[in-house]
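Scroll down for the structure; my scribbles are underneath it.
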Amino acid sequence: MVISLVLLGCSASNPKQQELRVCSDPNNLPFSNRAGEGLENHLAQLIGRELGANVKYTWWPQRRGFIRSTLAADSCDVIMGIPTGSERVLTTRPYYRSSYVFVSRKDRHLGIKSFDDPALKKLKIGVQLVGDDYNNTPPVHALSRRGIVGNLEGFSVYGDYSQANPPARIIDAVVSGAVDIAVAWGPLAGYFAKRSGAQLDVVPVSPAYDPPGLRFAFDISLGVRPGDQKLEQRLEAVLERRRSGIDSLLTGFGFPLSQSPDSGWNGRGQPAS
Amino acid sequence: MKSISGLSVALAAALSFGGGNAAKGQSQPSAPHDDGQWTMPGKDYASTRFSGLTQITAGNAKRLRPMWSFSTGVLGGHEGQPLVVGNTMYVVTPYPNVVYAFDLTKEGYPLRWKYRPDVNGAAIGIACCDVVNRGAFYANGRLFYNLLDGHTVALDAATGKEIWKTKVADLNRGETTPMAPLVVKDRVIVGTSGGEFGVRGWVKGLDVRTGNLVWTGYSTGPDAEVLAKPGTFKPYYEKGTDLAQNSWPGDTWKNGGAPVWGWMSYDAELDLIYYGTGNPAPWNTEQRPGENRWATSVMARRPQDGALRWAYQFTPADNWDFDSTQEMILTDLTVKGKPRKALVHFDKNGFVYTMDRATGELLLAEPYVQVNWARRIDLETGKPEVDSSKTTGASKGTVKDICPTLEGGKNQQPAAFSPITRLFYVSTSNMCMDYSVANVSYIAGTPYIGAATPYKAGPGGNLGAFIAYDAARGKKVWEIKEPYPVWSGALATGGGVVFYGTLDGWFKAADARSGKLLYKFKVGSGVIGNPISFKGPDGKQYIALYAGFGGDWGLLSGDVRSDDPDDIRPPASFMPDIARHTSQGGIVWVFGLGDSQ
């Protein structure tokens, strides 16, 4: 029922030219921005070239209502990065897997790899905050379950949208020394660590699974409207065909990649039986 | 209930503020004088939502009929209420926050003027729960209201000309302003929404003439910023300094939520404003050990300088998103044989609290809906006895059957109080929820595992009810069961008729004493706004209300949204057929008796 690749029609200069309509946040590096500098912008260009389609963006902050206002409102057809198995979208096979990481300045020599490291009780730790109604990032839960609560510094993932890339403030705080260490989503940490003036250690958190119910690694896919299998299949074919190009893109952006296959999790976010 | 020995002839505090002059001490309560206007959201500073008009009675209400209607042209949820000042009715729409001024002296109520502000569309993505507006406030020839994007404006009520416009909230930090302002003497008082975004809640006092900021009182943090000044701040229960800072671990109070998005009241004699604060955020309970003051609390402040006189917390260490932003209704009651200047508050947490509004002492607290998160509220300490099997958190796994839900026993929809029946009329939700770990979620490029809180009907199977409640005895007097949560406000009138609207789009009138349904009319869209009553230039009594489905329910209600074919979430499993009864669309309705009265 949904025409995913829109023919511009006879009036267009090139009647065969198609559009790849992408739903994207205009201010959220390393993933995307209006200047086209994010990994997802580059990936969209790559896929567009492969499909012979022009990339056309619908810009919307990736907040509550993002899917409602973009993909579901039919103003665009593909979300370039979303956890595999997310509700309300049909996701492709994942094109990468990353995890939450510890980020600290190399010159601090902290060497922390695990939530169980006793040093965490004494350090000022930056964490990403989502909001109320029971939602927060898994590291916050992992720390609080170990009684590490008073020495946390929260950074809203929403941040101040008037600034560039609002979720990145948590990495700035590590660089400036405002916090001793941060636990952040890998792609965010890896990208900004690479571009920071300071030398940063980026170390995947462990344990990888913290029962009951906490995991720190997530598969990321492209997402289309439920029912849009046709586009999903075309996109998956490109992901398959351009695997090596996409891998070098991920590496170039400094995304810390986790090993597949996943460790005991299926795409629905529940432990595999 | 054990502590109530009697009830004085309850003269609503409203009567002493609202310009009314009821005969004090008369043995047979009757409708107080009423000038037939509705100039502020809650009708009067006491927030009674009681109109003394008497033409519409239990005897003739069956002859009510629609007299007029007007499409606002806006699809968002229509919370709030119209105002009637003199011969003009004022209507504020949800975003884009247009104001209409209707000439009630002419047939068809043509427009006197329309004000179309410039509102930043980015606010749409930041307001948590639809793009509602809770209405305007009239004072001294001016109309004051908030734009969703964080501005307060003052208009000339006669012409619609903008007098001033002040930026009070910062969208970029997640602050939006859907609430109605309160105007007291030379202050316009406004608060911020945004608990979901980790704001630090505040109220601000603006100069009524210029709109300039005079004071800011935060909900959390050190005394100096909460405006808890030595000598002025005298809470009844908690003692000590920096109570709103040291009840949080570390610096978590800095983005601790406790927003202010509901209704405000004012007692002229005590010179105190009253309002409730929202849930603590963005941390979950286990990450903010402590009571998290003053989230989920009632605050009593001086309007002039914002100084905090007292505060009381309804739900310490909130586990369930139990905002306390619901209205504070000011009435005088006799409790334990003593006349009290009372404040009555129906909290989201399912308890109704009767307090001494001069001191902040808790006099009575009883459930008004099904409640199981706490066994009771200890009147000595003011604290709930929490049932630990109903607490939630990442380490708790699935928790079954928590009552009420995140939506509360009631939510924003304000109750009414009749000084004649001495009853409170309350729109309620009858729902319980489970708490469980949910599927993966994603926001701003960050994946996480959220929680799911599926709702289900409480005892009886109906999702909502409109109830009459005796707050002096802690007892429900009657109820009208409704298939859906009741999300409109209540209106009580001197003619002994009460009014409300339903999510499935009915406007209803009921006998204030018996709860007998007197009249109903299908208004074209679900009702989440609040009915008002006024006397027209023709001397006749009218009832006005908004239809216009939305608010939190708009987000939960499947394919009600006609512009959203693929929809936002799966249709709410607890009310799968709501879309058979309503769609979106704002309509202002006026009902009356016509020539039959």
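Labels below follow one simple rule: chain letters A, B, ... track the order of the sequence lines, proteins then strands, and each chain is numbered from 1.
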What closest approach, in Å, do [X] and [Y] show between heavy atoms, and which atom pair accounts for it?
X         : Y         : value
Gly445(B) : Trp185(A) : O-CD1, 3.1 Å
Glu286(B) : Val149(A) : O-CG1, 3.6 Å
Ser86(A)  : Val440(B) : OG-CG1, 4.0 Å

Inset, instruction - Give a yes or no on whether Arg195(A) atom CZ has more than 12 heavy-atom contacts from other residues, nucleotides or ligands under 6.0 Å away. - result: yes
Inset, instruction - Apply the side chain to side chain contact (heavy atoms under 4.5 Å, CB included) test between Tyr448(B) and each candidate in Leu214(A), Val130(A), Val140(A); give the one that qualifies. - result: Val130(A)
Legend entry - Matching residue for Gln287(B) among Asn136(A), Leu143(A), Ile148(A) - test: side chain to side chain contact (heavy atoms under 4.5 Å, CB included): Asn136(A)
Of the backbone (N, CA, C, O) and the side chain (C-beta and beyond), which part of [X] lies under 4.5 Å from a heavy atom of chain B, both, or neither?
X         : value
Tyr100(A) : side chain
Leu129(A) : side chain
Phe66(A)  : neither
Pro167(A) : side chain

Inset, instruction - In sequence, state the C-alpha distance, the side-chain angles, and the governing distance for Thr446(B) and Gln62(A), and then conclude on side chain to side chain contact (heavy atoms under 4.5 Å, CB included). - result: CA-CA 10 Å; Thr446(B) 308; Gln62(A) 198 176 67; over 6 Å; no
Inset, instruction - With a 4.5 Å cut-off on heavy-atom pairs, point out which of Asn151(A), Asn28(A), Thr137(A) contacts chain B the most. - result: Asn28(A)
Inset, instruction - Tell me, out of Pro30(A), Gly81(A), Pro61(A), who's got the most heavy-atom pairs with chain B below 4.5 Å. - result: Gly81(A)
With only heavy atoms counted, which part of [X] is less than 4.5 Å from chain A, the side chain, the backbone, both or neither?
X         : value
Trp320(B) : both
Asn319(B) : backbone
Ser441(B) : backbone

Legend entry - Selection from Gly290(B), Pro289(B), Ala444(B) maximising heavy-atom pairs under 4.5 Å formed with chain A: Ala444(B)
4.5 Å side-chain heavy-atom contact, [X] and [Y]:
X         : Y         : value
Tyr158(A) : Ile443(B) : yes
Leu171(B) : Tyr161(A) : no
Ile67(A)  : Tyr442(B) : no

Please round to the nearest 0.5 Å and tell me the distance separating atom [atom1] of [X] and atom [atom2] of [Y].
X         : Y         : atom1 : atom2 : value
Arg173(B) : Ser162(A) : CZ    : OG    : 9.5 Å
Asp251(B) : Leu152(A) : CG    : CG    : 11.0 Å
Glu153(A) : Lys254(B) : CD    : NZ    : 6.5 Å

